[in-house]
Asks: 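I have a structure here, written as structure tokens, and I will follow up with some questions on it.
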Amino acid sequence: MKKELINKIIIIIVTAILSSALTYLTIALVRNNKKDNFVNSYNNATKKVGVIKAEKYDYKLPAFSISVLGNKFDSITSKDLEKTPVTRFIAVVSNGKNKIVRKYTGIKFKDVLNTKNFNEYSSITFKSTGGLQVTYDKSQITDEVFLIFQVNDKGFIKNEKVGLLAVDRLSRYSIPNIVRIDIN
């Protein structure tokens, strides 16, 4: 009887915490969407998925390191990419149902490959800390595949420094917190 009461109390507490967290997240997302008029002005401008507007951007990269496995072990760090052009861009991305307009700050992944002299490969697999992974053939690494550092002028949470955004693919092929790249 006492255990049942304790279990019910725990369930009520967990439910209250989850409810509060979802409410806070919803409010934060609504506020974020209202604040960024630069992006909102493009919301109805196009239905085509892809980069709408891009410009070089003076941006200090956050400190990060991504392990690279291939013919040899290597890494990609913020220091490696200090001289690689950073792009600020507006893009329309799709999740398969809806198209969303966002502003991003990132580096074209082709530029990363060139900077690190990773020219010979047939496919690349990107892996995140959460176990998510996505593989691209060489032909799928286009000018619309980016390592991203900001979305709508906001960096990622503290432990997440770098994400992958493939503008020309469904958003499920874009993943946060890249920590390893396998080059095949």
Side-chain angles (χ1 to χ4, degrees), residues 29 32-33 36-59 61-62 64 66-70 74 76 78 80-81 83-157 160-184:
L29 288 173
N32 187 39
N33 284 336
D36 201 339
N37 291 330
F38 180 65
V39 171
N40 287 337
S41 66
Y42 285 93
N43 275 335
N44 294 319
T46 183
K47 294 294 182 185
K48 183 180 174 194
V49 171
V51 174
I52 298 172
K53 179 182 176 184
E55 60 191 9
K56 285 188 180 179
Y57 187 57
D58 186 25
Y59 176 76
L61 297 176
F64 69 88
I66 301 171
S67 299
V68 178
L69 299 178
D74 204 339
I76 298 170
S78 50
D80 296 335
L81 302 178
K83 297 193 187 292
T84 307
V86 175
T87 304
R88 182 177 182 188
F89 60 99
I90 299 171
V92 177
V93 294
S94 174
N95 63 9
K97 283 182 163 182
N98 302 310
K99 293 179 181 169
I100 304 161
V101 179
R102 296 279 187 263
K103 181 173 34 176
Y104 299 94
T105 302
I107 297 176
K108 289 182 182 180
F109 193 70
K110 279 186 167 183
D111 292 344
V112 173
L113 293 171
N114 289 334
T115 298
K116 293 294 290 181
N117 293 316
F118 296 139
N119 300 317
E120 297 299 320
Y121 64 93
S122 58
S123 67
I124 296 178
T125 301
F126 299 89
K127 297 182 178 188
S128 77
T129 54
L132 294 173
Q133 71 179 39
V134 62
T135 300
Y136 291 99
D137 292 332
K138 188 172 189 170
S139 64
Q140 294 173 312
I141 303 293
T142 68
D143 283 337
E144 295 200 345
V145 177
F146 293 85
L147 288 184
I148 58 169
F149 310 99
Q150 288 186 325
V151 179
N152 290 336
D153 292 328
K154 294 185 186 209
F156 297 111
I157 60 175
E160 295 183 3
K161 306 288 186 192
V162 183
L164 171 73
L165 175 68
V167 178
D168 55 352
R169 303 270 180 255
L170 291 179
S171 60
R172 69 175 178 257
Y173 295 105
S174 299
I175 56 178
N177 204 22
I178 302 298
V179 293
R180 191 172 111 194
I181 297 173
D182 295 348
I183 297 179
N184 305 307

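No experiment lies behind these values; they were computed from the predicted model shown.
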Asks: What residues, two or more places apart in sequence or in another chain, satisfy side-chain hydrogen bond (donor to acceptor under 3.5 Å, both in side chains) together with E144?
Replies: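 Here no residue qualifies.
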Asks: Do Y104 and F146 come close enough that some side-chain heavy atom pair is under 4.5 Å?
Replies: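 SC-SC contact between Y104 and F146 ruled out.
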Asks: Which heavy-atom pair separates S174 from L164 by the least distance, and what is that distance?
Replies: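 For S174 versus L164, the nearest heavy atoms are CB-O, 3.1 Å.
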Asks: Measure the spacing between CD1 of I181 and CG of L147 and express it to the nearest 0.5 Å.
Replies: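 Going from the CD1 atom of I181 to the CG atom of L147 covers 6.0 Å.
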Asks: With sequence neighbours excluded, tell me which residues meet side-chain hydrogen bond (donor to acceptor under 3.5 Å, both in side chains) with T129.
Replies: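 Counting only residues at least two positions away or on another chain, T129 forms a side-chain hydrogen bond (donor to acceptor under 3.5 Å, both in side chains) with N177.
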Asks: With a 4.5 Å heavy-atom cut-off, do V93 and N95 have their side chains touching?
Replies: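 No. Closest side-chain heavy atoms not under 4.5 Å.
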Asks: If you take all heavy atoms of K56 and P85, which pair is closest and at what distance?
Replies: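 The pair with the smallest heavy-atom distance is CE-CB, 4.4 Å.
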Asks: By the side chain to side chain donor-acceptor pair (under 3.5 Å) test, which pairs, at least two apart or in different chains, include something from residues 130-139?
Replies: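 Every side chain to side chain donor-acceptor pair (under 3.5 Å) pair that includes a residue of residues 130-139, provided the two are not neighbours, is T125-T135.
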Asks: Which pairs would a plain distance check flag for residues 106-114, meaning a side-chain donor or acceptor within less than 3.5 Å of a matching protein atom at least two apart in sequence or in another chain?
Replies:
residue: N114; atom: ND2; partner: K110; partner atom: O; Å: 3.3

Asks: Do F64 and L81 have side chains that approach each other closer than 4.5 Å (heavy atoms only, starting at C-beta)?
Replies: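 Yes. Closest side-chain heavy atoms under 4.5 Å.
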Asks: Of all the heavy-atom pairs spanning T87 and A54, show the shortest one and how long it is.
Replies: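 Taking every non-hydrogen atom into account, CG2-CB, 3.8 Å.
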Asks: What I'd like to find out is whether the side chain of R88 reaches to under 4.5 Å of the side chain of D153, using heavy atoms alone.
Replies: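 Yes, close enough: below the 4.5 Å cut-off.
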Asks: Indicate yes or no: at least one non-hydrogen side-chain atom of L132 is less than 4.5 angstrom from one of P176.
Replies: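 The answer is yes, as the side chains (C-beta and beyond) meet within the 4.5 Å cut-off.
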Asks: For F118, check ring pair (Phe, Tyr, Trp, His ring centres under 6.0 Å) against everything at least two apart and list the hits.
Replies: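 Listed in chain order: nothing, the list is empty.
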Asks: Applying salt bridge (Lys or Arg N to Asp or Glu O under 4.0 Å) as the test, list every pair that has at least one member in residues 112-133; sequence neighbours left out.
Replies: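 Applying salt bridge (Lys or Arg N to Asp or Glu O under 4.0 Å) to every pair that reaches into residues 112-133, excluding sequence neighbours, yields D74-K116, D80-K116, K127-D182.
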Asks: Nearest 0.5 Å please: distance from the CD1 atom of I183 over to the OG atom of S122.
Replies: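 Between atom CD1 of I183 and atom OG of S122 there are 10.5 Å.
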Asks: For a quick test of reading the model, state the closest non-hydrogen atom pair linking V162 to I66 and the distance between them.
Replies: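 The answer is CG1-CD1, 4.1 Å.
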Asks: Which pair of non-hydrogen atoms, one from V167 and one from A91, has the smallest distance, and what is that distance?
Replies: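 In terms of heavy atoms, the two residues are closest at CG1-CB, 3.8 Å.
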